[in-house]
Structure formats: C-alpha cells, structure tokens
Amino acid sequence: MNVRSGFNTALTTLLLLTPLLMSRSSGALNPHLGSSLCPECHLTDQVSPDQARMLVTSQEKLCLKCHPKSTQASHPSGFMPLKTPPTPFPLDWKGELTCSSCHLIHGSVPGLLRSADRGAAFCHNCHAPSFFERMPDHGSSLVLSGHLAASRDDHPGVELDPFSLQCLSCHDEKNGNAPQRVGMRLDGLLRHGGSSGLSHPVGRPYDKATSFGGYHPQSRLPTAVALPDGKVGCISCHQGYTKNHGRLTVDNQGSALCLSCHDL
Ligand code: HEC
Ligand code: HEC
Ligand code: HEC
Ligand code: HEC
Ligand code: HEC
Ligand code: HEC
Ligand code: HEC
C-alpha cells in the first residue's frame with residue numbers, strides 16, 4: 001500500500017469515522033452533503049476508508065451538481081501535477097490533483113480545507129512565494145480562495161455574474177485600492193479608466209443580443225471566451241484563475257477579441 005492510502009486510513013480513523021458513523025445513524029452524512037446517499041458518489045454504500053477512493057465518476061463531475069462554478073475560473077483540478085504535493089494534500093487514485101486534494105469532503109471545518117492555513121499561507125504549501133510575486137497583482141486576487149466566484153453584490157442596477165463581482169471588489173473605482181480602476185454605471189455600462197478607454201456593457205444576456213443579429217452564435221465562441229450565467233462579464237474578455245492576471249482571453253490584435261463575439 002502506498003503512502004497516500006496510509007494517510008487516508010490514519011486520517012479517517014482519527015477524524016472522520018466517528019462523525020461519519022454518528023451521522024449515518026442519524027440519517028444524514030454531514031450537513032454539507034445534505035441528504036445525498038453514499039452510492040451517488042461511491043461505488044458502494046458500505047464505504048470503508050480503503051475503497052473510498054473508488055468513485056462513480058470524477059470529482060469535477062460529482063461536485064459540480066451542487067457547485068457549478070467551482071471549476072470555472074478556478075484552481076486547476078483533475079490533472080497530474082509534475083511534482084507530488086506535500087503530505088496533507090493527497091492525489092487521487094489516478095495520481096491527479098482534484099477537489100479532495102485540497103478539501104476534506106466529509107470534514108467539518110469552515111472551507112473544508114485539509115490545512116489550517118488560510119490565504120497566502122495555504123497556497124505556499126505547494127507554491128513558492130516567487131510564483132505569486134511575478135503576477136501583476138502579486139497574487140492578491142487568487143490567494144483569497146481556490147475559486148474566483150464571489151457572491152456579494154453591491155451593484156443594484158444590473159445582475160452581475162459572481163466572477164465580475166470578485167474583480168470589482170478590487171477594481172471598481174468605488175472600492176478597493178488596486179491602481180487600475182474601472183467604473184460601473186448603474187445600467188451595467190463598464191468604463192475602463194486606463195489606457196484602453198474601452199466602454200462595454202456587462203451583465204447582459206448574450207443569447208438576447210444574438211437574437212437581434214450581429215453576434216456569432218454562442219456555440220462558435222472560442223472556449224477561452226466565457227459567458228458566466230450566459231452573460232458578458234470580466235472573464236469574457238480577461239482570463240480567470242491564472243498567473244497572467246488580467247490578460248485578455250483572446251489577443252486583441254486587429255480587434256480579434258471583439259470580433260470573436262461581434263459578427264460585423
Ligand atoms: C458528493 C459525493 C460524495 C458522497 C455523497 C459521499 N462521499 Fe464519501 N467521499 C467523497 C470523496 C470525493 C472522497 C475522497 C475520495 C478520495 O480520497 O479519493 C470521499 C471519501 C470518503 C471516505 C474516506 C475518508 C475521507 O474523508 O477522505 C469515507 C470513509 C467516505 N467517503 C464515506 C462516505 C459515506 C459512508 C457516505 C454516505 C453516507 C459518503 N462517503 C458519501 C465523496 C462523497
Ligand atoms: C448535494 C449537493 C452537494 C454536493 C454533491 C456537494 N456539495 Fe459541497 N456544499 C453543498 C452545500 C449546500 C454547501 C453550503 C452549505 C454547507 O456548508 O453546509 C456546500 C459547501 C461546500 C464547501 C464550503 C464549506 C464552507 O464551510 O465554506 C466546500 C469546500 C464544498 N462544499 C466542497 C464540495 C466538494 C469538493 C464536493 C464534491 C466531492 C461537494 N462539495 C459536493 C452541497 C453539495
Ligand atoms: C488547490 C486547492 C483547491 C482545489 C484543487 C479546489 N479547491 Fe475549492 N477551495 C479552495 C480554497 C483555498 C477555498 C477557500 C476556503 C476558505 O477559505 O473558506 C475553496 C473554497 C471552495 C468552496 C466554497 C467557496 C466557494 O467558492 O463556493 C467550494 C464549494 C469549493 N471550494 C469546491 C471545490 C470543488 C468542487 C473542487 C474540485 C472541482 C475544488 N473546490 C478544488 C482550494 C481548492
Ligand atoms: C496541493 C498543492 C497546491 C495548493 C495547496 C495550491 N496549488 Fe496552485 N497549483 C498546484 C499545481 C501542482 C499546479 C500546476 C503546476 C504549476 O503550475 O505549478 C498549480 C497551478 C496553479 C496556478 C496556475 C494556473 C495557470 O495555468 O495559470 C495558479 C494561478 C495557482 N496554482 C494558484 C494557487 C493559489 C492562489 C493557491 C492558494 C489558494 C494554490 N494555487 C494552492 C498545486 C497547488
Ligand atoms: C484582490 C484585488 C484584486 C482582484 C480581486 C482583482 N484584481 Fe486585477 N489587479 C489588482 C492589482 C493590485 C493590479 C496591479 C495594478 C497595477 O500594477 O497597476 C491588478 C491589475 C489588473 C489588470 C492590469 C494587468 C496588467 O498587466 O497591467 C487587469 C486587466 C486586471 N487586474 C483585471 C482583473 C480582472 C478581470 C479581475 C477578476 C477576474 C481582477 N483583476 C481581480 C488587484 C485585483
Ligand atoms: C468586452 C471586453 C472586456 C470586458 C467585458 C472587460 N474588459 Fe477589461 N479590458 C478589455 C481590454 C480590450 C483592455 C485593454 C487591454 C490591453 O490593452 O492589453 C482591458 C483593460 C482592463 C484593465 C487595465 C486598465 C485599463 O482600464 O485599461 C483593467 C483593470 C480591466 N480591464 C478590468 C476589467 C474588469 C474589472 C472587468 C469586469 C467588470 C472588465 N475589465 C471587463 C476588455 C474588456
Ligand atoms: C463575449 C462577447 C463579446 C466580446 C468579446 C466583445 N463584445 Fe461588444 N458586445 C457584446 C454584446 C453581447 C453586446 C450587446 C450587449 C447588450 O445587450 O446591450 C455588445 C455590445 C457592444 C457595444 C455597444 C453596441 C450597441 O449598439 O449596444 C460596443 C460598442 C461593443 N460591444 C464593442 C466591443 C469592442 C470594441 C470589443 C473588443 C474590445 C467587444 N465589444 C468585445 C459582446 C461582446
């Protein structure tokens with residue numbers, strides 16, 4: 001048996017088995033998974049720590065049922081890392097870094113993280129500080145979480161997607177202290193203050209616009225151009241969870257970014 005399953009076994013015995021058994025007898029696994037049954041994720045409902053890794057499909061699929069935004073503009077998940085992460089972060093049976101590498105699915109601490117570290121300290125378990133220092137915002141937007149989607153909206157005039165809200169928490173000229181500011185008009189017109197001088201609507205449904213013509217169908221957009229909740233938002237034009245903070249999703253030489261949606 002390898003180190004990973006040894007770790008899982010020890011961890012389970014120490015921390016998890018008791019609450020799991022207790023909650024099974026009371027009918028619910030864990031407040032987090034609600035009334036989900038074991039075989040919705042595991043191959044059997046008699047899950048022992050040894051075969052708990054045998055799941056009916058990938059975690060990126062299992063978890064997305066309830067957390068649909070947790071792989072979009074998020075930390076990469078479901079890939080084989082070049083280097084094995086340090087002890088508290090096990091890879092799955094395929095040797096891949098996935099949700100359960102960072103999260104203790106059946107845990108109970110806030111955030112369900114496998115380490116007590118929070119913020120940059122959590123990330124430094126696997127990344128050298130220099131990894132973040134090279135980023136335009138020194139990683140300040142990423143170390144907050146493994147995912148960009150935010151939930152607090154103080155833009156009452158327009159329904160913004162959760163990724164744009166996260167960007168605006170620093171870049172809105174009303175908030176934050178990032179030197180690069182943008183302004184949001186109440187009707188959803190975004191004004192870039194910097195050298196681009198670009199104004200553009202955000203928070204508007206893309207399919208509504210395509211129905212009037214002048215836009216490529218959604219199915220023909222480059223995959224990098226995201227439409228969170230079906231709307232134009234910051235991550236339609238700017239890359240999400242990336243070391244190239246702020247970089248465009250499509251290089252705009254010859255207005256290529258603009259013309260990936262606009263069909264003139
Ligand atoms: C939403 C999916 C999901 C459901 C439902 C679920 N599990 Fe899990 N469980 C997981 C994942 C993912 C892991 C981590 C697998 C790995 O380490 O590769 C896990 C791990 C475990 C482990 C190993 C210890 C640990 O926490 O890593 C046990 C034991 C376990 N589950 C028992 C259960 C039992 C018993 C039920 C039903 C009462 C259940 N699980 C329901 C997803 C689920
Ligand atoms: C049946 C729906 C459901 C599934 C499936 C599900 N979750 Fe959740 N999850 C929830 C709900 C609801 C909450 C928020 C309420 C709570 O924390 O109890 C939550 C909260 C979380 C949190 C945040 C906890 C906190 O304290 O902030 C994490 C992390 C998380 N889930 C990870 C996962 C992972 C990883 C998987 C896949 C193995 C998964 N969830 C599958 C429903 C689900
Ligand atoms: C590299 C580590 C890492 C990976 C991989 C990862 N997460 Fe997270 N996740 C985090 C961190 C850090 C937080 C913030 C936790 C906190 O401080 O409360 C978080 C928060 C969450 C939350 C609660 C907040 C929110 O954004 O809704 C959910 C749900 C969640 N993760 C689900 C997932 C799922 C599902 C996967 C796999 C598809 C996944 N995570 C993969 C690190 C990770
Ligand atoms: C369990 C180990 C682990 C943890 C914890 C972790 N990462 Fe990663 N991360 C990786 C691995 C492995 C890669 C892929 C290889 C690489 O680029 O170093 C990666 C890639 C990335 C990327 C590259 C995305 C891209 O392609 O541009 C970013 C950005 C990132 N991590 C940020 C973070 C942040 C921020 C945190 C803390 C919230 C964090 N990581 C926590 C292991 C981890
Ligand atoms: C935690 C605060 C924070 C958040 C959240 C944040 N940024 Fe930034 N951003 C910064 C800082 C700081 C800079 C560096 C400003 C400078 O050097 O003038 C920056 C720079 C930028 C730049 C200019 C990059 C360059 O190379 O000059 C762009 C574009 C940008 N951010 C877009 C975004 C987008 C899009 C989001 C959401 C996906 C976002 N930012 C979220 C803090 C943040
Ligand atoms: C329709 C596409 C589009 C959308 C949507 C968009 N941007 Fe931009 N953004 C651009 C372009 C193009 C530039 C110029 C980049 C360059 O010249 O490299 C830019 C530049 C920036 C800059 C750098 C300084 C400046 O003002 O020129 C910041 C900061 C920025 N955007 C933030 C945001 C934020 C935050 C959002 C969401 C609220 C957003 N952008 C939405 C296309 C967009
Ligand atoms: C993600 C797709 C997308 C990209 C990329 C994009 N646009 Fe748009 N644009 C739209 C949509 C959708 C609307 C209509 C929004 C609405 O319903 O008002 C729009 C509206 C506009 C308008 C207002 C037109 C009007 O009559 O309402 C202008 C001007 C514009 N875009 C210019 C640009 C420029 C310049 C770029 C490149 C920097 C760009 N767009 C990139 C999707 C996009």
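Indexing begins at 1, ligand by ligand and atom by atom, following the structure's order.
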Point to revise | Close approach of Ser77 to ligand 3, heavy atoms, under 4.0 angstrom | key: yes
Point to revise | Part of Cys234 within contact of ligand 6 (heavy atoms, under 4.0 Å) | key: both
Practice item. Any atoms of ligand 6 less than 4.0 Å from a non-hydrogen atom of Leu198? List them with their elements. Key: 10 (C), 42 (C), 43 (C)
Check your understanding: Is the distance from atom 8 (Fe) of ligand 2 to some N, O or S atom of Cys66 under 2.8 Å?
Key -> no
**Study point:** Best match, Leu248, Asp137, Ile235: closest heavy atom to atom 16 (C) of ligand 6
**Key:** Leu248
Check your understanding: Among protein heavy atoms, which lies nearest atom 17 (O) of ligand 3, and at what distance?
Key -> Arg118 CD, 3.7 Å
Point to revise | Distance from atom 20 (C) of ligand 3 to nearest protein heavy atom, with residue and atom | key: His147 CD2, 3.5 Å
Study note, to complete from the structure: Counting heavy atoms under 4.0 Å, the part of Glu40 that contacts ligand 2 is neither
Exercise for review: Number the atoms of ligand 3 from 1 as they appear, then name those within less than 4.0 Å of a heavy atom of Thr98, with their elements.
Suggested key: 5 (C)
Check your understanding: Considering only the protein, which heavy-atom contact is closest to atom 13 (C) of ligand 3, and what is its distance?
Key -> Ser145 OG, 3.4 Å
Exercise for review: Could you tell me whether Cys63 approaches ligand 2 through its side chain, its backbone, both or neither, with non-hydrogen atoms closer than 4.0 Å?
Suggested key: both
Point to revise | Which residue and heavy atom of the protein sit nearest atom 26 (O) of ligand 6, plus the separation | key: Gly194 N, 2.9 Å
Exercise for review: Using a strict 4.0 Å cut-off to heavy atoms of Cys167, name the atoms of ligand 6 that fall inside it.
Suggested key: 35 (C)
Check your understanding: Under 4.0 Å from any heavy atom of Pro110, which atoms of ligand 2 are there?
Key -> 26 (O)
Study note, to complete from the structure: So for Met184 against ligand 6, with non-hydrogen atoms under 4.0 Å, the contacting part is neither
Review point. Do any non-hydrogen protein atoms sit less than 4.0 Å from atom 1 (C) of ligand 3?
Key: yes
Exercise for review: Determine the interplanar angle of the His32 and His67 rings, folded into 0 to 90°, and report it as parallel if under 30°, tilted if 30 to 60°, perpendicular if over 60°.
Suggested key: parallel
Practice item. Can you sort out which atoms of ligand 6 are near His200, meaning under 4.0 Å from one of its heavy atoms? Key: 1 (C)
Point to revise | Gln59, portion touching ligand 3 at heavy-atom distance under 4.0 Å | key: neither
Study note, to complete from the structure: With heavy atoms and a 4.0 Å threshold, my read on which part of Leu113 contacts ligand 3 is side chain
Check your understanding: Counting only N and O atoms by type, is there a donor-acceptor contact under 3.5 Å from the side chain of Asn244 to the main-chain atoms of Arg247?
Key -> no
Review point. Which residue, His245, His171, Gln180, forms the side-chain hydrogen bond (donor to acceptor under 3.5 Å, both in side chains) with Asp137?
Key: His245
Review point. For ligand 3, is Leu64 a contact, meaning one of its heavy atoms is under 4.0 Å away?
Key: no
Study note, to complete from the structure: In this structure, atom 21 (C) of ligand 6 is nearest to the protein heavy atom His192 CD2, 3.1 Å
Review point. Quick one: nearest non-hydrogen protein atom to atom 3 (C) of ligand 6, plus distance?
Key: Cys237 SG, 2.7 Å
Exercise for review: Name the option, out of Gly246, Ser196, Ser260, that contains the heavy atom nearest to atom 14 (C) of ligand 6.
Suggested key: Ser196
Review point. Using the ring of each side chain (for Trp, its six-membered ring), is Phe89 parallel, tilted or perpendicular to Phe122, with breaks at 30° and 60°?
Key: perpendicular
Practice item. Look at the rings of His124 and Phe132 and say which category their plane angle falls in: under 30° parallel, 30 to 60° tilted, over 60° perpendicular. Key: tilted
**Study point:** For atom 11 (C) of ligand 3, closest protein heavy-atom neighbour
**Key:** Gly146 N, 3.3 Å
Practice item. Do me a favour and list the nearest non-hydrogen protein atom to atom 18 (O) of ligand 3 with residue, atom name and distance? Key: Gly111 CA, 3.5 Å
Review point. Is atom 8 (Fe) of ligand 3 less than 2.8 Å from at least one N/O/S atom of Cys102?
Key: no
Exercise for review: Answer yes if a protein heavy atom lies under 4.0 Å from atom 23 (C) of ligand 3, otherwise answer no.
Suggested key: no
Exercise for review: Report the relative orientation of the aromatic rings in His75 and Phe79; use parallel for angles under 30°, tilted for 30 to 60°, perpendicular for over 60°.
Suggested key: tilted
Exercise for review: Using distance alone, decide if ligand 2 has a nitrogen or oxygen within less than 3.5 Å of any nitrogen or oxygen in Leu62.
Suggested key: no
Study note, to complete from the structure: The protein heavy atom nearest to atom 32 (C) of ligand 6 is Val182 CG1, 3.7 Å
Check your understanding: Taking non-hydrogen atoms only, is Gln180 closer than 4.0 angstrom to ligand 6 via side chain, backbone, both or neither?
Key -> both
Review point. Counting heavy atoms only, which part of His103 comes closer than 4.0 Å to ligand 2: side chain, backbone, both or neither?
Key: side chain
Point to revise | Numbered atoms of ligand 3 (with element) below 4.0 Å of His75, judged on heavy atoms | key: 1 (C)
Point to revise | Contact with ligand 6 for Ser164, non-hydrogen, under 4.0 angstrom | key: no
Check your understanding: Which atoms of ligand 6 have any heavy atom of Gly233 under 4.0 Å away?
Key -> 5 (C)
Revision key, fill the gap. One finds that the ligand 2 atoms under 4.0 Å from a non-hydrogen atom of Ile105 are 35 (C), 38 (C)
Revision key, fill the gap. Heavy-atom proximity to atom 35 (C) of ligand 3, picking from Pro85, Ala149, Ser70, points to Ser70
Review point. Considering only heavy atoms of Ser195, which atoms of ligand 6 have at least one such atom less than 4.0 Å away?
Key: 27 (O)
Check your understanding: Any ion pair linking Asp229 and Lys69 (charged N to carboxylate O, less than 4.0 Å)?
Key -> yes
Review point. With backbone taken as N, CA, C and O and side chain as the heavy atoms from C-beta onward, which portion of Leu97 lies under 4.0 Å from ligand 3: side chain, backbone, both, or neither?
Key: side chain
Check your understanding: Based purely on interatomic distance, does His67 place a nitrogen or oxygen under 3.5 Å from a nitrogen or oxygen of ligand 3?
Key -> no
Practice item. Starting from atom 41 (C) of ligand 6, find the nearest protein heavy-atom neighbour and note its residue, name and distance. Key: Leu190 CD2, 3.2 Å
Review point. Starting from atom 34 (C) of ligand 3, which protein heavy atom do you reach first, and at what distance in Å?
Key: Cys99 SG, 3.5 Å
